[in-house]
Structures are given as C-alpha cells and as structure tokens.
**Student:** 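Below is a structure I'd like to ask you about.
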Amino acid sequence: MQSQDKETMIHLESDYNNGAHEAVLRHLMETNSEPSQSYGDDAFSEHARMLIRGACHTHNAQIWFLAGGTQTNATIIDCLLQPYEGVLCADTAHINVHESGAVEFTGHKVIALPSHEGKLDVADVKAWLKAYYADDTAEHMVRPGMVYITFPTELGTLYTKVELEELRDTCKQYDLLLYVDGARLAYGLAASKDVTLPLLAQMADVFYIGGTKCGALCGEAVVFPRGDAPAHMLSRIKQHGALLAKSRVVGVQFEALFTTYGTEPLYMEIGRNAVALAMRLRRIFVEKKGYRPYIDSPTNQQFYVIPNEDLECLRQSIGFEVWCPVDEHHTACRFVTSWATTEKDLDEILKD
C-alpha cells in the first residue's frame, strides 16, 4: 500500500503505527534511572492509579496495568466467567473478528449478535436472552455470562448514555456482567455528547482505558470501578501472559497520560485533538473531493467510499486501510487520525 518513501507518506492506517506522545516518552526518560519494584508494585503505577481514580470519580476502584488489548480482553473475560459461560457481543466486535480467537482459546464461546453500525442493540440482546432461558435444553448450551461492547466501536460509532443505561439494566436483569473495551477510549470520550469517564465507571462492571492506541508505546489500564476484582488478579494476569515484569513501563506512561497539562489530562487532550483533525479530514474528503462517508463516524476512525480509479492515486501520498468492497466500482477505506497526526499532514492532503 505504501508506494512512496515512508518519509513523504502521511500515515493514516491506524492509531498505533507511531511510537508514543512526546510527553509520554519524556516521562519515561525522566524516570528511567529511578529504581522501583516490579510487577506493578511501584510508585509510578500507584500514582497513575490515583490519577485514574480521580478522573473516574471512583476512589475505591482497583486498577491493573496489562501489556496490550488482546491480552486484556482474553484475561478479563476468562477471569470473570465460569468455564461454561460465554460472552455476547456484536458480530463486528474486536473479540469476534480481530483477535485470532483469543477469547475462545481460553475456553469461552463468543456469541455474536447482529451489529447495528458496530453497536449491539439492546432489543437483540433481550431477544437472545429470552430465547435462551425459554429453551428446555439451556443447561446443555453455553450459558451467557457477560455482554462485551467497545467504546467507540470498530466502526467509530458511539453508544449514547441512554443506550449504555439500557444495556446495564438488561445485564442486571439477567445477572450478566457488562464489560467495555476502551482501546480507543480517548477518542470516544472526545467525540461523545453525553458519555464521560465517570459515567462509564457507573455503567460498566469492568472496563479498560486504552493506552496503545491513545499515545502510549504499549499498555492498557483495567478498571474495576467498584473495587470488586476477582481474587488473586496478579496471578491470573501473569498466567495469561499479560503481566510485564517491568510493569512500571505501563504505569509511567499512564502517569503521564493522566497528568494535567494546561486545562485537562493529556489523555483527554490527545482524544480531542485527534477528533478535531478527523473532522477536518471529513471536510476535505466530503466537501472538497465529494467522497461520501461509508458510515457516519464522529470519532478518529473515518470511513469513505472511494472510486476504485482513485485508490492508486491516494496511495501515492496517504497510507490507509482498504476496508471492504462497496460495489463493482467503489471501495470503502478507513483513515485514522491519532496523537501523531498534525495540521501539516492535513494541509498536505488538501494541497494534493
């Protein structure tokens, strides 16, 4: 896909194809020579936990730092479900499509329901659960134990406060856990009109704050907002290969991400800037070029229907991901802004 020298390309393939935000790197360098305890029992990680608790308004929350998103999903789902339980999700969900069967490798079935622009519809969840419990052979089937959603979704769409409340209430009604994958949480919060970090902490039984796709080199912060994590989480995380011996590497990064620079934590600033640039990219593609959105995403993931004859020309200067064919003459493509995208990048796109 990259037909030009990398130095001249504008890379919008994903939000994790660069290193890390300079403030994160600077903090890693500043703390590099300071000795610390291992496996998350260090002062940097503890300070990061304090900052995250404050941002979530959940001062009893338990927080664990894991290596990456796939490890986090496989670990948390396996730790919270019984061996005979499965997890409900949209058929476009990351755990169903892009994690090589990691959750099912741990022994838990992923139960995929229809996706509505990337989202789970509470009516579909209720209908499935009603049918399951009405089945006389239910005891011979995989029992539902959790509902999994992403915020934002794989298509860049967002759940509203009302939709989250409906999912939470349905989960309570059927004694299910609600787990929110926040791999791109910074961008979702920046684009949402009514979902905040404290609200998410109220709605979810467990969620994670993505670092890898939001300015960190690696790492995710798992939050149990009510402080009810399963026993021996450290052992469980290590058993799943998701625990770094130098866990401070993740703790230091989240310490930087949740430190306030100016008027807001860096994490929120990263999300806000990337979304603003994504909206500018939309104006360039829609108003200047006449491309139509494949889906109406308000976040940093933007999808456009590109005429096939334009693809090779675009590839000369922009790195992007071919998503799927739309028809014989058009292809849906994804363009992703991040902490590393600049106004200069978009100036170059506009000029080209």
**Student:** If you look at every heavy atom in E163 and K119, which pair is closest and at what distance?
**Tutor:**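 The answer is OE1-NZ, 3.0 Å.
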
**Student:** Cut-off 3.5 Å, side chains only: do D181 and Y208 have a donor facing an acceptor?
**Tutor:** yes

**Student:** What residue among Y291, Y294, F320, F303 forms ring pair (Phe, Tyr, Trp, His ring centres under 6.0 Å) with F285?
**Tutor:** Y291

**Student:** Between F207 and I209, what is the shortest heavy-atom contact and its length?
**Tutor:** CE1-CG1, 3.8 Å

**Student:** Is it the case that the side chains of N73 and Y179 hold a donor-acceptor pair, with the cut-off being a distance below 3.5 Å and no angle test?
**Tutor:** yes

**Student:** Could you list the residues that satisfy salt bridge (charged side-chain N to carboxylate O under 4.0 Å, His left out) with E343, not counting sequence neighbours?
**Tutor:**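 Partners of E343 under the salt bridge (charged side-chain N to carboxylate O under 4.0 Å, His left out) test: R280.
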
**Student:** Would you call D296 and R282 a salt bridge, using N to O less than 4.0 angstrom?
**Tutor:**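 R282 and D296: salt-bridged.
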
**Student:** Please name the pair of heavy atoms, one in C171 and one in L178, separated by the smallest distance, quoted to 0.1 Å.
**Tutor:** SG-CB, 4.0 Å

**Student:** Please report the closest heavy-atom contact between I95 and V87, naming both atoms and the distance.
**Tutor:** CD1-CG1, 4.0 Å

**Student:** May I ask you to test the Y16-R184 pair for a side-chain heavy-atom distance under 4.5 Å?
**Tutor:** yes

**Student:** Cut-off 3.5 Å, side chains only: do T331 and N308 have a donor facing an acceptor?
**Tutor:**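 There is such a pair between these side chains.
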
**Student:** Would you call R168 and E165 a salt bridge, using N to O less than 4.0 angstrom?
**Tutor:**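 E165 and R168: not salt-bridged.
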
**Student:** So which atom in C214 and which in L185 form the shortest heavy-atom distance, rounded to 0.1 Å?
**Tutor:**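 Residues C214 and L185, closest heavy atoms: SG-N, 4.2 Å.
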
**Student:** Got a sec: does the CG of D175 have more than 12 other heavy atoms crowding it under 6.0 Å?
**Tutor:** no

**Student:** So, E264 and R272, do they make that salt bridge, N to O below 4.0 Å?
**Tutor:**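 Judged by the 4.0 Å cut-off on N to carboxylate O distance, E264 and R272 do form a salt bridge.
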
**Student:** Does the plane of the ring in H98 sit parallel, tilted or perpendicular to the ring in H94? Use 30° and 60° as the thresholds.
**Tutor:**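 Judged by the thresholds at 30° and 60°, the geometry between H98 and H94 is tilted.
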
**Student:** Examine I52 and L217 and state if one hydrophobic cluster contains both, with Ile, Leu, Val, Met, Phe, Trp and Tyr joined whenever side-chain heavy atoms are less than 4.5 Å apart.
**Tutor:**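 Linked within one cluster.
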
